[in-house]
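Shown next, in structure tokens, is the structure this report addresses.
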Amino acid sequence: MDGLVQLQKQLVDYTASLFHEGFLDDQFNQLQQLQDESNPDFVVEVVTLFFEDAERLLNELTKTLGQPSTDFKKLDAHVHQLKGSSSSIGAHRVHRICISFRNSCEEQNVEGCLKNLQQVTHEYSLVKSKLETLFRMEQQILAAGG
């Protein structure tokens, strides 16, 4: 049982660090509150849908910015979707960069858009890795009888 308590403490500390470092915001807490015994995988399912959506949108953004002439309306529409989906799961740093990205779209600033694409891709991969770690820790606790 001591190992279980240690795992639970590690999970609490790790989760707190994700909020402290700005990876997640209160929306993630609200998402967790929607999970219950009738739907124990709710958060993992919603976040997995976010991962799929974000990867599709990042590919679309890369493709759109790779065109000889940039379609800023199309670019902005993709960034807007990514901003909304990152906000809905509480991916704070991704959401914040999307705001800057949309400003670059509005200004039709290709260099700014490229810089924001690089940043949002980086932040997305970080939050994805951190959430996958969080979910693995939760699975370890369940496997240990928690």
Side-chain angles (χ1 to χ4, degrees), residues 1-67 70-106 111-146:
M1 199 63 165
D2 210 25
L4 177 60
V5 171
Q6 186 62 33
L7 286 172
Q8 288 170 327
K9 184 185 177 338
Q10 287 173 353
L11 177 64
V12 168
D13 291 346
Y14 186 74
T15 304
S17 77
L18 296 181
F19 285 92
H20 180 72
E21 295 169 26
F23 286 104
L24 299 176
D25 63 26
D26 193 52
Q27 185 62 34
F28 188 77
N29 282 335
Q30 293 178 23
L31 195 63
Q32 287 180 312
Q33 289 172 5
L34 295 173
Q35 182 167 294
D36 59 21
E37 290 167 14
S38 68
N39 197 353
D41 298 325
F42 179 74
V43 174
V44 172
E45 290 169 4
V46 171
V47 171
T48 299
L49 289 173
F50 164 71
F51 291 160
E52 292 167 4
D53 194 42
E55 286 169 23
R56 178 187 59 78
L57 290 167
L58 290 170
N59 286 334
E60 287 296 324
L61 290 167
T62 301
K63 202 166 29 174
T64 304
L65 273 169
Q67 298 299 314
T70 305
D71 182 345
F72 287 100
K73 241 185 176 127
K74 184 178 181 182
L75 200 59
D76 184 60
H78 293 314
V79 176
H80 182 72
Q81 280 184 294
L82 183 59
K83 180 177 157 253
S85 61
S86 62
S87 174
S88 72
I89 68 141
H92 181 69
R93 285 163 53 163
V94 172
H95 178 256
R96 201 178 64 226
I97 293 168
C98 286
I99 293 169
S100 171
F101 203 152
R102 289 198 73 200
N103 290 337
S104 293
C105 290
E106 195 175 300
E111 286 304 310
C113 287
L114 289 167
K115 184 178 151 213
N116 282 300
L117 176 60
Q118 186 178 21
Q119 288 178 325
V120 80
T121 301
H122 176 72
E123 286 299 332
Y124 165 72
S125 65
L126 286 176
V127 78
K128 181 178 183 192
S129 172
K130 299 215 178 259
L131 286 169
E132 287 172 339
T133 299
L134 179 78
F135 297 149
R136 270 195 306 277
M137 291 171 84
E138 289 174 344
Q139 286 304 311
Q140 286 176 328
I141 289 169
L142 287 173

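Hydrogens, waters and symmetry mates are skipped; everything else that's a heavy atom, side chains included, is used. What you see is a predicted model, and the numbers here were worked out from it, not measured in a lab.
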(message) Please check: side-chain N/O of Gln27 versus main-chain N/O of Ser87, any donor-acceptor pairing under 3.5 Å?
(response) no

(request) Spell out, as yes or no, whether a donor-acceptor pair under 3.5 Å connects the side chain of Asn116 to the backbone of Gly112. (result) yes

(request) Not counting sequence neighbours, which residues clear side chain to side chain donor-acceptor pair (under 3.5 Å) with Gln30? List them please. (result) Asp26

(message) Can you list everything that forms a side chain to side chain contact (heavy atoms under 4.5 Å, CB included) with Ser129? Sequence neighbours excluded, please.
(response) none

(request) Quickly, which of Asp76, Leu82, Leu61 forms a side-chain contact (heavy atoms from CB on, under 4.5 Å) with Phe101? Name it, please. (result) Leu61

(request) Drop me the distance from Asn29's CG to Leu34's CG, to the nearest 0.5 angstrom. (result) 11.0 Å

(message) Per the salt bridge (Lys or Arg N to Asp or Glu O under 4.0 Å) rule, what does the pair list look like for residues 136-146, sequence neighbours excluded?
(response) none

(request) Using salt bridge (charged side-chain N to carboxylate O under 4.0 Å, His left out) as the criterion, list what pairs up with Lys63, not counting sequence neighbours. (result) Glu60

Tabulate below the donor-acceptor pairs under 3.5 Å that side-chain atoms of residues 52-59 make, not counting sequence neighbours, or state none.
| residue | atom | partner | partner atom | Å |
| --- | --- | --- | --- | --- |
| Asp53 | OD1 | Arg56 | NH2 | 2.7 |
| Glu55 | OE2 | Tyr124 | OH | 2.6 |
| Glu55 | OE2 | Lys128 | NZ | 2.9 |
| Asn59 | ND2 | Glu55 | O | 3.3 |

(message) With rounding to the nearest 0.5 angstrom, report the CG to CZ distance, Leu11 to Phe135.
(response) 10.5 Å

(request) Can you sort out the partners of Lys130 under side chain to side chain donor-acceptor pair (under 3.5 Å), two or more places apart, ordered by chain and number? (result) none

(request) Drop me the distance from Ser100's OG to Lys83's NZ, to the nearest 0.5 angstrom. (result) 12.0 Å

(message) Please check if the number of heavy atoms outside Glu45 that lie under 6.0 Å from its CD is greater than 12.
(response) yes

(message) Once side chain to side chain donor-acceptor pair (under 3.5 Å) is applied, do any residues pair with Asp41, and if so which ones, sequence neighbours excluded?
(response) none

(message) Restricting to side chain to side chain contact (heavy atoms under 4.5 Å, CB included), what partner residues turn up for Val46, sequence neighbours left out?
(response) Leu31, Phe42, Ile89

(request) With rounding to the nearest 0.5 Å, note down the distance linking NE2 in His78 to CG in Leu117. (result) 11.5 Å

(message) Within this structure, what is the CD-OG1 distance for the pair Gln10 and Thr15, rounded to the nearest 0.5 Å?
(response) 11.5 Å

(message) To check you understand the geometry: which heavy-atom pair defines the closest contact between Phe72 and Cys113, and what is its length?
(response) CE2-SG, 4.0 Å

(request) Check whether any side-chain heavy atom of Gln8 sits under 4.5 Å from a side-chain heavy atom of Leu4, and report yes or no. (result) yes

(request) May I have all residue pairs that pass salt bridge (Lys or Arg N to Asp or Glu O under 4.0 Å) and include part of residues 88-100, sequence neighbours excluded? (result) Arg93-Glu123

(message) List the residues meeting side chain to side chain donor-acceptor pair (under 3.5 Å) with Thr121, not counting sequence neighbours, and say none if there are none.
(response) none

(request) Would you give the length of the straight line joining atom NE2 of His92 to atom CD1 of Ile97, rounded to the nearest 0.5 angstrom? (result) 10.0 Å

(message) List the residues meeting salt bridge (charged side-chain N to carboxylate O under 4.0 Å, His left out) with Lys73, not counting sequence neighbours, and say none if there are none.
(response) none

(message) For a 4.5 angstrom cut-off between non-hydrogen side-chain atoms, does Phe28 reach Leu134?
(response) yes

